[in-house]
Amino acid sequence: MAMATPNAIPNDENTLLHTALFKQVSPEQAEELLPTLHESVYDKGEHIFTQGDTDHRMGLLEKGRVKLTRESNDGRVQLLSIHARGEVLGEIPVFDPAGGPRTASAVAMVNGTRVVWLEHDALFAWLDRYPRVAVDMLQVLANRMRSNNERITDLVFMDVPARLAKTLLDLASRFGEPVEAGLKVPHDLTQEELAQLVGSSRETVNKALMDFSNRGWIAREGRSIVIYQPGMLIRRSRR
């Protein structure tokens, strides 16, 4: 991990303005936070923070991709979500009034992943000056809660192929690259991680992937998937 000073963060492309949490913030308001920011750069596989850590800072993903994982008491690891540029990392200890340890670990998925850190005290001092921004943040956090509730509902009511189709469509909307044959989705996940993201076993997810491939909806290329027929995936995700 490499560290950078606040002055090394480019002002002409303010990181705060690329995050959903700060999308209603004016450039002038965001500029006031720049001196309090600290940037860190991580290589693939490095931990950005670890489950159980007790720091009270929030990360803003400036570049790269990050996966959130949670480890059980018996050592099993579950992939919870994947985050990309402009998304917030580790906000729970910052906004939880009781503080408390981090509930998950964040791991860089690509080399050169850049995270800008914002400390709890600096953020709340700034919010005291701009209370309206806090309302906008609540709306964003409520939307994230809605997404989490939707995922829980999917796990209860949708079968594995439907959840897989929905997961592929989500990855495509965030990371998809148009190619001649369709839409290429470089997820960079192992088979086990993809299964965890869907919420099923590797064998069951592989069976569903093979079925999608045999139908001509997708093709697998290493740790990428090419989607030929997104409409069929949309239809399958709604069954």
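We number each residue from 1, following the sequence as shown.
The salt bridge (Lys or Arg N to Asp or Glu O under 4.0 Å) test applied to R235 returns no partner, not counting sequence neighbours. Contacts of R239 classified as salt bridge (Lys or Arg N to Asp or Glu O under 4.0 Å), with partners at least two apart in sequence or in another chain: none. Scored by the salt bridge (Lys or Arg N to Asp or Glu O under 4.0 Å) test, R144 finds E91 as partners (sequence neighbours excluded).
Under 4.0 Å is where a charged nitrogen must lie from a carboxylate oxygen, and between R215 and D211 at least one such pair does. Salt bridge status for D159 with R163: absent, with no side-chain N to carboxylate O gap under 4.0 Å. Ion pair R114/E39 flagged as a salt bridge, since at least one NZ, NE, NH1 or NH2 atom sits closer than 4.0 Å to an Asp/Glu carboxylate oxygen. Between K67 and E193, at least one side-chain N (NZ, or NE/NH1/NH2) sits under 4.0 Å from a carboxylate O, which counts as a salt bridge.
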Derivation and outcome, ring-ring contact (aromatic ring centres under 6.0 Å, His included), residues F212 and W217
CA-CA 5 Å; F212 290 177; W217 299 353; 5.2 Å; yes
H83/L89 under side chain to side chain contact (heavy atoms under 4.5 Å, CB included): CA gap, chis, key distance, verdict
CA-CA 8 Å; H83 297 265; L89 301 172; 3.9 Å; yes
For D136 and R132: C-alpha separation, side-chain torsions, deciding distance, then whether side chain to side chain contact (heavy atoms under 4.5 Å, CB included) applies.
CA-CA 7 Å; D136 295 328; R132 173 61 201 179; 3.4 Å; yes
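Here the shortest heavy-atom pairing between V41 and G112 reads CG1-CA, 3.9 Å. Considering all non-hydrogen atoms of both residues, S237 and K166 come closest at CB-N, 3.9 Å. Residues A172 and I227 approach most closely at CB-CD1, 3.8 Å, considering heavy atoms. Looking at every heavy atom in both residues, L197 comes nearest to L80 through CD1-O, 4.0 Å. Scanning both residues, V160 and V198, for their nearest heavy atoms gives O-CG1, 4.2 Å. Contact record, Q196 with L79: OE1-N, 2.7 Å, taken as the closest heavy-atom pair.
No continuous path of hydrophobic side-chain contacts links L61 to M109 [ILVMFWY only; heavy atoms under 4.5 Å].
Just one of V135, V133, V140 meets the side-chain contact (heavy atoms from CB on, under 4.5 Å) condition when paired with M137; it is V133.
Figure legend: cation-pi geometry between R65 and F175, with NZ or CZ positioned under 6.0 Å from the six-membered ring centre and within 45° of its axis.
The CZ atom of R102 lies 9.0 Å from the CD1 atom of I92; values are rounded to the nearest 0.5 Å. Residue L164 holds its CG atom at 9.5 Å from OG of S200, rounded to the nearest 0.5 Å. Note that the CG atom of L123 and the CH2 atom of W117 stand 13.5 Å from one another [nearest 0.5 Å]. Going from atom CG of L209 over to atom CD of Q191 covers 8.5 Å, rounded to the nearest 0.5 Å. One distance of note links CG of L33 with CG of L118; it measures 5.5 Å at 0.5 Å rounding. With values rounded to the nearest 0.5 angstrom, T167 atom OG1 is found 10.5 Å from L233 atom CG.
Contact annotation: the side chain of T36 never approaches that of D121 to less than 4.5 Å [non-hydrogen atoms, C-beta and beyond]. Between V94 and F124, the closest side-chain pair of non-hydrogen atoms falls below 4.5 Å.
By the 6.0 Å contact criterion, CG on D74 is enclosed, its count of non-hydrogen atoms from other residues, nucleotides or ligands being greater than 12. Within a 6.0 Å sphere centred on CZ of R238, other residues, nucleotides and ligands contribute 12 heavy atoms or fewer.
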